[in-house]
Amino acid sequence: MSDIESRLAALEAKEAIRQLVARYALALDSRNVPDLVELFVPDVQTGDGGVGREALATWFDAVLRPYTTTFHLIGGHVIDLVDEDHASGVLYCRPEHEVGDLWVVMPLQYWDRYERRDGRWLFKSRSVHAFYAADVLANPTTVPGRFQFPGNPLITKADLPERWESWQRFWQSSPTA
Amino acid sequence: MSSISDRLATLEAGAAIRELAPRYADAYARLDLDALVALYLPDVPLRRAADGTGESGRTALRGHFERATRGTAPGAGLATVILHTDNHVIDVTGPDTATGSVYCHVEVHRRDGSSYQQAVVYTDRYARHDGAWYFAAQREHDLLYGAAAHTRPNALPPANWPANQTGRGSLPEAWPSWNEFWDGAR
């Protein structure tokens, strides 16, 4: 592959991956599960040990019912290309969820792996790491565990920033400030 | 595979179309209505009125924005307009045409000190004209909710947007897939 070719392919890959995450949010918020699972590799592994898009649709169905209106506004997207067909990414998102009488805001990062199959960039895997979940009227720092999202079957705790090793090292080196 | 030139043109089209959303937000915030309507095709067709008549062009569109931003009552005009956009899905439908959707978190402060926030999804049509990309139609803006600061949207009455800025919007129920999802338990 020529130099120009490979530079162009890298730009195309990043553009395709940016489209992928925007389409995920739209499919999720419109509860378009058929479109949603098409964004994943055909042999996707589900959180409960299943394999394939049909299994993923069943898995998503259960995950997406305990709340009604959602709005997944995404933001900063770091994309690292590993090779021609593999990439990883970190994506910020500030979703809102209608959970009964609560309106839950849950700032988070997605930690993604992408793969190109038959020329299409798809999700290989995606995991959610929340900073907090709290009702829009609540103070997140006083919510127990910074996590208030009744009945969420998938995300049950806020694991950022503590999960970052750099964050731990920073405070261990001088814990007084 | 397409030629290098075609692939580059596709990337350039995507980049130009993606800029339309923040350019719209910036022009709206600055209340620079000339810059705002310059993002549309010169002969952009406007939505048909209730009586079936239809205007077109940037001058007519500017009048529409003028009414939307100045408001109809004293103090109702817009002071601070923060249109935080992202989630830009773009589907190129031809060499000079594309469609797309954009998410927007809206925060507006009126001149009388009142304010509201909204969750909006724009559905757009784009066209290339003399080498540049423009909005090819007025943006369809569908509301999920509008709410005053420190207000849960849950129990708000329907907004009947754009007549009212706050209340529940037509989304998510206006998405056909939303109704199919809730109608069919797996």
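When reading the values below, keep in mind they use all heavy atoms of this one structure, side chains included, and skip hydrogens, waters and symmetry mates. So that the names make sense, note that chain A is the first sequence line, chain B the second, and so on, each numbered from 1.
With hydrogens and angles ignored, the 3.5 Å screen pairs no side-chain donor or acceptor of N87(B) with any backbone N or O of L73(A). Side-chain atoms of Q19(A) come within 3.5 Å of backbone N or O of I90(B) as a donor-acceptor pair. When atom types are taken as modelled, the side chain of S30(A) and the backbone of S177(B) share no donor-acceptor pair closer than 3.5 angstrom.
Using a 4.0 Å cut-off between a side-chain N of Lys or Arg and a carboxylate O of Asp or Glu, R18(A) and D86(B) do not qualify as a salt bridge. Ionic pairing of E15(A) and R18(B) is present here: one or more N-O contacts between side-chain nitrogen and carboxylate oxygen are shorter than 4.0 angstrom.
At a threshold of 4.5 Å between side-chain heavy atoms, the hydrophobic network of Ile, Leu, Val, Met, Phe, Trp and Tyr places L91(A) and V41(A) in one connected group. Taking hydrophobic clusters as Ile, Leu, Val, Met, Phe, Trp and Tyr residues chained together by side-chain heavy-atom distances below 4.5 Å, V128(A) shares a cluster with F147(A). Follow the hydrophobic side-chain contacts under 4.5 Å out from V92(B) and you never reach V89(B); the two are in separate clusters. V82(A) and I17(A) are members of different hydrophobic clusters when ILVMFWY side chains are connected at heavy-atom separations under 4.5 Å. The hydrophobic cluster containing I155(A) also contains L36(A), counting ILVMFWY residues as joined when their side-chain heavy atoms lie under 4.5 angstrom apart, directly or transitively.
For R113(A), the CZ atom is loosely surrounded, since the number of other residues' heavy atoms within 6.0 Å does not exceed 12. Residue R128(B) places its CZ atom among more than 12 non-hydrogen atoms of other residues, nucleotides or ligands, all under 6.0 Å distant. Heavy-atom contacts from other residues, nucleotides or ligands closer than 6.0 Å to CZ of R111(B) number 12 or fewer.
The shortest non-hydrogen separation linking T151(B) to V136(A) is O-CG1, 4.3 Å. For the pair L26(A) and W175(B), the tightest heavy-atom approach, listed with the atom from each and the gap, is CD1-CZ2, 3.8 Å. The shortest heavy-atom contact between L64(A) and F181(B) is CB-CZ, 3.8 Å.
Ranked by heavy-atom pairs shorter than 4.5 Å toward chain B, the options V99(A), D35(A), T68(A), V21(A) are led by T68(A). For the set E98(A), H72(A), R94(A), the entry with the most heavy-atom pairs within less than 4.5 Å of chain B is E98(A). The most heavy-atom pairs under 4.5 Å with chain A, out of P153(B), P172(B), A155(B), come from P153(B).
In the model, E96(A) has a side-chain atom that pairs as donor or acceptor with a side-chain atom of Y145(B) under 3.5 Å.
Note that CD1 of I74(A) is 11.5 Å distant from NE2 of H88(B), once rounded to the nearest 0.5 Å. Atoms CZ and OG1, from R168(B) and T69(A) in turn, are 4.5 Å apart once rounded to the nearest 0.5 Å. Put simply, CG on N154(B) and CG on D135(A) are 7.5 Å apart, with the number rounded to the nearest 0.5 Å. The CG atom of L144(B) lies 7.5 Å from the CG atom of D29(A); values are rounded to the nearest 0.5 Å.
For V102(B), no part lies under 4.5 angstrom from a heavy atom of chain A. Proximity to chain A involves both the backbone and the side chain of I4(B), based on heavy atoms less than 4.5 angstrom apart. Both the backbone and the side chain of A119(B) come within contact range of chain A, each with at least one heavy atom under 4.5 Å from a heavy atom of that chain.
Among residue pairs with one or both ends in residues 89-120 of chain B, those qualifying as ring pair (Phe, Tyr, Trp, His ring centres under 6.0 Å) are F71(A)-Y103(B); sequence neighbours excluded.
Within residues 45-78 of chain B, no residue has a heavy atom under 4.5 Å from a heavy atom of chain A.
Looking only at side-chain heavy atoms (C-beta outward), L11(B) and K14(A) stay at 4.5 Å or farther from each other.
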For this session: List the steps, then state whether salt bridge (charged side-chain N to carboxylate O under 4.0 Å, His left out) holds for D101(A) with R152(B).
Result: CA-CA 8 Å; D101(A) 294 335; R152(B) 287 193 190 107; over 6 Å; no
